[in-house]
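Lettering follows sequence order; numbering is per chain, from 1.
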2 protein chains.
Amino acid sequence: MQPPLDACSDPTRGLGLSAVEPGWPSNEAPPTLLRTAPSWLINKTALYSHRIIGEAFAAIGARRFHVGLLASLVEFGPSSQASLGRRCGFDRSDVAEMINELAEAGHVERTQDPSDRRRNIIQITDAGRIHLERLTATLDAAQQELVAPLSADERADLARLLGRVLDYQVGRHPL
Amino acid sequence: MQPPLDACSDPTRGLGLSAVEPGWPSNEAPPTLLRTAPSWLINKTALYSHRIIGEAFAAIGARRFHVGLLASLVEFGPSSQASLGRRCGFDRSDVAEMINELAEAGHVERTQDPSDRRRNIIQITDAGRIHLERLTATLDAAQQELVAPLSADERADLARLLGRVLDYQVGRHPL
DNA sequence: CAGAAAAGTTGGCTTTACCAACGTTGGATC
DNA sequence: GATCCAACGTTGGTAAAGCCAACTTTTCTG
């Protein structure tokens, strides 16, 4: 016959009569098919990542894309918008607007490349470097919150595994 | 750490000059800050996951959420929409529309619960079960494509690590 | 020199997740 | 029993992210 519909109709108190993963609402764990699907695990974890990092950045008046662009400019020096987009995985059109925002905030300077007048040369400013320091500190704290249940070794493992998947996929379809 | 499996994939050691990860456009690798940031790795990997699984499902006229809902109904029996949403991590409002779609396609039946007239009882149909079989096969193939560069052990490791993070985060803020 | 390709910009589209409100219903409390 | 509160389903709307198409200007290639 059918299992009882909604065995627990008050989600505030768990009856604790079945082995459910910690944290999930009582008797309402996700289906095994999802629980064991790498794609689902990745997507749901990415959702939490979005939320945690996004809130942390919003708290200091920053946006998620700031980090990648500014870090790119520091590590590789002045770049064109197209190059920034390829490095960080952004569409050209999105980079244009992002640079608008960063330039308006004074974190970045946009000048035309005299040797190739199609290109803009994007340079980080002193204010941008200071901003980046706050960003990295904020990101570090938020990420620690994200992967809190993992040990240092496990965090390294996770990064290594994801990096391998990412390298492979980038080779198949550059993003 | 393990010896390099595929090609040179050692992102932790930058030689500074010409050591570019495989697959990345020539000399336009992402900044180290992103490369080593779990949040960035998770988000970018999730993007590829979205694309690969989404395309695979679109090829058989299905959508991503079909799997979770139908698998839930098979594993736990007829459920209310709210319960389905909690299990799969969907908003109530989104579940309503998803069930509309699944019901119109004949994969699911929606009846009012006589014992609680607020609730709908969602039941999977025979067509839905057949659909779910195709979905799981498609999902398996797509996921294999996603984590192709990982060995079986590594895939298990990845799933375990992500599951731990997810359990922890669900405990902090149920989704 | 002609054509292809790259760069930047504008504008728009889709998906996904989320939120707010409402009416209905049931349970809890006094 | 009357009242308050919570859950459910539904509608509608919002915001961000990623992506695509078109167009102009400029450079590279054959």
Would you kindly check whether a donor in the side chain of R119(A) faces an acceptor in the base of dA7(C), or vice versa, at under 3.5 angstrom?
-> no

Quick one: Y48(A) OH to dC18(C) P, roughly how many Å, whole number?
-> 9 Å

Can you check whether L158(B) reaches L162(A) side chain to side chain, under 4.5 Å on heavy atoms?
-> yes

Distance in angstrom units between I121(A) CD1 and dG8(C) C1', rounded = 14 Å

Would you kindly check whether a donor in the side chain of D94(B) faces an acceptor in the base of dC18(C), or vice versa, at under 3.5 angstrom?
-> yes

Keeping to residues at least two apart or across chains, list the side chain to side chain donor-acceptor pair (under 3.5 Å) pairs with something in residues 122-131 of chain A.
-> H66(A)-H131(A)

Return the value, rounded to whole Å, for the distance between atom CD1 of I99(B) and atom C1' of dC8(D).
-> 14 Å

Could you name each residue pair satisfying side chain to side chain donor-acceptor pair (under 3.5 Å) that touches residues 136-151 of chain A, not counting sequence neighbours?
-> Q143(A)-S39(B), E145(A)-R172(B), S151(A)-E154(A)

S93(A), nearest nucleotide to its side chain (from dT10(C), dA7(C), dT24(C)) | dT10(C)

Using a 4.5 Å cut-off on heavy atoms from C-beta on, say whether the side chain of L69(B) contacts that of F90(B).
-> yes

Could you please name the option among dT26(D), dT10(D), dC19(C) that lies closest to any side-chain atom of R92(B)?
-> dT10(D)

Between dA7(C), dG18(D), dC8(D), which nucleotide gets closest to the side-chain atoms of R86(A)?
-> dA7(C)

Can you tell me how far P of dA28(C) sits from CG of D116(B), to the nearest Å?
-> 12 Å

